[in-house]
Novice: 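The structure's right below; bear with me while I get my questions together.
Given the structure is predicted, the values throughout are model-derived calculations rather than measurements. Chain letters run A, B, ... following the sequence lines, proteins first and then strands; every chain starts at 1.
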Amino acid sequence: AQSVSQHNHHVILSEAASLELGCNYSYGGTVNLFWYVQYPGQHLQLLLKYFSGDPLVKGIKGFEAEFIKSKFSFNLRKPSVQWSDTAEYFCAVMTTGTASKLTFGTGTRLQVTL
Amino acid sequence: NAGVTQTPKFRVLKTGQSMTLLCAQDMNHEYMYWYRQDPGMGLRLIHYSVGEGTTAKGEVPDGYNVSRLKKQNFLLGLESAAPSQTSVYFCASSFGGREQFFGPGTRLTVL
C-alpha cells in the first residue's frame, strides 16, 4: 500500500520568509498528487494538484509545488509567507485504479509570526 | 451551489449510543468518502462509495457503517459509540480520478 511522509510536523516562520514543506510518497506506479490546506477551524481546501505534464505546478495564493519523480517527492513552496498562511498543510497521493482514494500525510502545522 | 454539506456540526454522545452523520453534495459527483481526522494522524479513510447503492471499506472501517441510497447523500453510522471514536469527521466527494471536495466537518465527542 502507498504511504505519504511529511517530515516537518511544525514549522514556525516570520512573515516574508520563504517556505518549503517536504512530501515524499512510496508507490512505484502512476500517481496524482495534491496539497490541501486547512485554516484553523475550517475544512480542507485544495491548494494545488498534479496529474501530468509540467512538473512545476502553481496553485492558489502564490503556492507552487514541484513533482520530482526520481525522488518520489512533491514539495510545496512559497517565496514569501504571510501571517494569513498560518494553517495545517496536507500532502495527498491518489494512485490509479483505487476508486480515486486519497492517502494523506500526517500534516505540517505552519505558524507564521509577525 | 452549496458544495458538500454535513450535519450535524457538533455532537456529544455517551458510550454505547448510536448516531448517523449525514453528508450531502450538489455537484453530481459519483464518488463520496468519509474520513476521520485525529491529531498527528492526518485524515484516514473510513468508508467510501463509487456510486449509488455501492459502498466499500477504507483504512479504518471498524465500528462504522455507511449507506448510499441516493447519489447525493452518504450516511455514516455509529452503532455503539466508543470514546476511541471521538474525532472530527469529514465527508468528501469527487468525480472519478479528480480532486476531492470536502465538507465543513462534524466534531464528535464520545464520553
Side-chain angles (χ1 to χ4, degrees), chain A residues 1-11 21-26 29-52 57 59-60 63 65 74 87-109, chain B residues 2-7 9-10 21 23-25 27 29-61 66 68 74 87-107:
Chain A
Q2 65 272 20
S3 64
V4 180
S5 297
Q6 292 182 245
H7 303 293
N8 312 105
H9 298 294
H10 187 194
V11 174
L21 300 182
C23 173
N24 289 90
Y25 65 93
S26 64
T30 302
V31 294
N32 297 330
L33 298 159
F34 305 84
W35 275 98
Y36 282 87
V37 60
Q38 186 178 31
Y39 298 103
Q42 297 190 24
H43 62 288
L44 274 75
Q45 303 171 43
L46 183 68
L47 262 184
L48 47 77
K49 60 190 176 187
Y50 173 81
F51 287 94
S52 63
V57 292
I60 61 172
F63 286 91
F74 190 55
E88 191 152 19
Y89 293 81
F90 293 94
C91 180
V93 170
M94 178 190 295
T95 54
T96 56
T98 59
S100 304
K101 293 183 290 182
L102 289 177
T103 300
F104 283 87
T106 53
T108 296
R109 190 160 78 91
Chain B
V4 181
T5 58
Q6 293 181 232
T7 53
K9 289 185 168 54
F10 303 94
L21 282 68
C23 175
Q25 53 93 7
M27 296 175 282
H29 287 165
E30 286 293 334
Y31 294 5
M32 297 187 75
Y33 310 84
W34 275 108
Y35 295 89
R36 60 178 290 172
Q37 183 181 28
D38 302 291
M41 302 189 74
L43 278 79
R44 293 180 292 168
L45 183 65
I46 305 172
H47 285 281
Y48 64 98
S49 168
V50 298
E52 182 179 322
T54 71
T55 63
K57 293 180 180 180
E59 183 185 356
V60 289
V66 288
R68 184 112 180 258
F74 195 29
S87 188
V88 181
Y89 292 85
F90 287 100
C91 176
S93 69
S94 75
F95 288 116
R98 310 304 298 178
E99 64 269 30
Q100 294 181 15
F101 293 83
F102 285 81
T106 295
R107 187 174 294 275

Novice: Got a sec, which residues hit side-chain contact (heavy atoms from CB on, under 4.5 Å) with Thr106(A), two or more places apart in sequence or on another chain?
Specialist: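 Thr106(A) satisfies side-chain contact (heavy atoms from CB on, under 4.5 Å) with His9(A) once adjacent residues are dropped.
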Novice: If I measure from the heavy atoms of chain A, does Arg44(B) come under 4.5 Å with its side chain, its backbone, both, or neither?
Specialist: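 Contact with chain A involves no heavy atom of Arg44(B) at all.
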Novice: Mind checking the CZ-CG spacing from Arg98(B) to Leu46(A)? Nearest 0.5 Å is all I need.
Specialist: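 Nearest 0.5 Å value for the CZ-CG distance: 10.5 Å.
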Novice: Indicate whether the side chain of Asn24(A) and that of Ser5(A) have a donor and an acceptor atom separated by less than 3.5 Å.
Specialist: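 Note: Asn24(A) and Ser5(A) side chains miss the donor-acceptor criterion.
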Novice: How far does OG1 of Thr108(A) sit from CG of Leu21(A), to the nearest 0.5 angstrom?
Specialist: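 Thr108(A) OG1 to Leu21(A) CG: 5.0 Å, rounded to 0.5 Å.
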Novice: Measure from the side-chain N and O atoms of Trp34(B) to the backbone N and O of Gly58(B), and report whether any donor-acceptor pair falls under 3.5 Å.
Specialist: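 Between the backbone of Gly58(B) and the side chain of Trp34(B) there is no qualifying donor-acceptor contact (under 3.5 Å).
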Novice: List in chain and number order the residues that pass side-chain contact (heavy atoms from CB on, under 4.5 Å) with Ser93(B), two or more places apart in sequence or in another chain; answer none if no residue qualifies.
Specialist: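 Listed in chain order: Val4(B), Gln25(B), Met27(B), His29(B), Met32(B).
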Novice: Check whether Leu102(A) gets within reach of chain B through its side chain, its backbone, both or neither, counting any heavy atom under 4.5 Å.
Specialist: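 When you check distances to chain B, atoms from both the backbone and side chain of Leu102(A) fall under 4.5 Å.
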Novice: Count the heavy-atom pairs under 4.5 Å between each of Phe90(A), Phe34(A), Tyr36(A) and chain B, then report the option with the highest count.
Specialist: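 Highest number of heavy-atom pairs under 4.5 Å: Tyr36(A).
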Novice: Could you tell me which portion of Gln37(B) (side chain, backbone, both or neither) has an atom closer than 4.5 angstrom to a non-hydrogen atom of chain A?
Specialist: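 Contact with chain A: side chain only.
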Novice: Of the backbone (N, CA, C, O) and the side chain (C-beta and beyond), which part of Gln45(A) lies under 4.5 Å from a heavy atom of chain B, both, or neither?
Specialist: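 For Gln45(A), neither part sits under 4.5 Å from chain B.
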Novice: Can you tell me which portion of Lys49(A) sits under 4.5 Å from chain B's heavy atoms? Options are side chain, backbone, both or neither.
Specialist: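 Looking at Lys49(A), just its side chain touches chain B.
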Novice: If you count heavy-atom pairs under 4.5 Å between each of Met41(B), Gln100(B), Glu59(B) and chain A, which one has the most?
Specialist: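 Looking at each of Met41(B), Gln100(B), Glu59(B) in turn, Gln100(B) comes out on top.
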Novice: Of the backbone (N, CA, C, O) and the side chain (C-beta and beyond), which part of Leu43(B) lies under 4.5 Å from a heavy atom of chain A, both, or neither?
Specialist: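 Both backbone and side chain of Leu43(B) come within 4.5 Å of chain A.
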Novice: As an exercise: rank Pro39(B), Gly105(B), Gly103(B) by heavy-atom pairs under 4.5 Å with chain A and give me the winner.
Specialist: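 Counting heavy-atom pairs under 4.5 Å, the top option is Gly103(B).
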Novice: Return the option, out of Phe95(B), Tyr33(B), Phe101(B), with the maximum number of heavy-atom pairs under 4.5 Å with chain A.
Specialist: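 It is Tyr33(B).
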Novice: What's the separation between atom CH2 in Trp35(A) and atom CG in Leu44(A), rounded to the nearest 0.5 Å?
Specialist: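 The distance works out to 12.0 Å.
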